[in-house]
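Report on the structure given below.
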Amino acid sequence: MKSIKLALPLMLTFGLALSSCIREDLSECFSDNLLEMSYKGDGTEEIFPDKICRVDMYVFDSEGNCVSSAMLPQEQVDSRVAQLPPLDPGTYHIVCLGNAHSTVVDRISSGDYGQIVFMDEDYMNGEVVSGNDSLYFAAIDYEVVSGEDQRRIVEFESSHYDLSVEVAGVPDPNSKAAGAPSIMVCGVSPQTTFENVACGEPENYVLEATHDVSRQYLSATANIMRHTDHSAVDVRVVAASGETLAEINLADFLADNPEVDCTRQEVLIPIYIEFKSGEVLVRLPEWYVQEVKPEF
């Protein structure tokens with residue numbers, strides 16, 4: 001009888017705890033596991049709030065199954081502290097994607113992080129792409145321990161390049177065809193994996209350009225995925241008729257302008273093209289040489 005009397009309060013206590021989990025929420029059933037999100041770019045100071053305003057979190061179990069995916073509440077992004085969903089004890093792989101405003105994720109159920117890809121939604125829909133979000137990526141393995149609260153730091157890294165193209169002395173569209181010329185970036189990688197590796201069949205982007213007819217000036221800014229084969233990428237100025245007015249190979253441009261360091265986290269590739277006296281001149285813009293950076 002004594003053992004029965006001793007066990008009864010324990011059973012009642014367990015029953016009350018279980019009832020609280022079911023009737024209210026899971027906060028009393030699982031450990032409090034947190035992720036402190038960090039991005040320092042190319043320096044030592046925290047710049048996460050300056051660069052990242054949205055975070056989508058994907059949680060995978062030890063077999064590569066996605067057990068949770070959600071956009072983090074804004075207060076967690078602002079505080080840089082993300083709370084993991086209730087998880088059973090075990091090992092998990094967590095991927096965070098920053099600034100995925102017009103970005104979609106595909107092959108999430110493949111079980112292979114090299115096959116899971118994110119891309120612009122226009123590309124996913126087979127439409128013309130004008131650029132990518134200013135994307136950032138982070139991944140971490142996280143061991144969830146029963147009854148143990150944890151706080152881990154996850155470091156973000158860049159998944160994009162900033163690109164700026166200015167064209168001066170734009171040929172009169174009336175001499176070529178009706179309509180303004182366009183700026184294209186050809187041969188870019190349109191996707192990035194959940195290992196933060198740019199991939200996919202080469203795609204041609206048509207940038208959203210501003211054309212000042214009176215000044216014969218054309219300009220555009222965009223983000224592109226952080227590809228590695230610069231020799232496969234060309235920047236073109238194309239007349240409305242389809243005729244290529246100028247073509248610049250990105251690898252050649254970078255070789256001629258070593259000031260642009262694509263090994264850095266925060267990279268701006270500024271290209272200035274000028275039609276002058278029958279020639280096409282290509283260089284860095286003056287504002288870049290003077291270390292004046294425009295707002296993107």
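The structure displayed is predicted, hence computed values, not measured ones. Below, each value reflects all heavy atoms present in this structure, side chains not excepted, and no hydrogens, waters or symmetry copies.
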Do V188 and M225 share a hydrophobic cluster, counting only Ile, Leu, Val, Met, Phe, Trp and Tyr and linking them when any side-chain heavy atoms are less than 4.5 Å apart? no
Please find out if less than 6.0 Å separates the ring center of Y161 from that of H227. yes
How far apart are the C-alpha atoms of K51 and E266, what are their side-chain angles, what is the distance that settles it, and do they pass the salt bridge (charged side-chain N to carboxylate O under 4.0 Å, His left out) test? CA-CA 10 Å; K51 299 295 183 178; E266 292 295 319; 3.5 Å; yes
Going by distance alone, is a donor N or O of one side chain under 3.5 Å from an acceptor N or O of the other, for S110 and D112? no
Polar contact flag, side-chain donor to acceptor under 3.5 angstrom, N125-E121: no
Give a yes-or-no answer on whether the side chains of S158 and Q265 include a donor-acceptor pair shorter than 3.5 Å. no
Side chains of D133 and T103 only: does a donor on one sit below 3.5 Å from an acceptor on the other? yes
Before we go on, tell me: are the rings of Y113 and F60 under 6.0 Å apart, centre to centre? yes
Side-chain heavy-atom pair E259, L284 within 4.5 angstrom cut-off: yes
R151 side, atom CZ; N33 side, atom CG - distance, nearest 0.5 Å: 12.0 Å
Is any side-chain heavy atom of Q83 closer than 4.5 Å to a side-chain heavy atom of L34? yes
Mind checking the CD-CD1 spacing from Q115 to I108? Nearest 0.5 Å is all I need. 12.5 Å
Passing candidate, ring pair (Phe, Tyr, Trp, His ring centres under 6.0 Å) with F48, options F156, Y136, Y39: F156
CZ on R283 to CD on E274, rounded to 0.5 Å: 6.0 Å
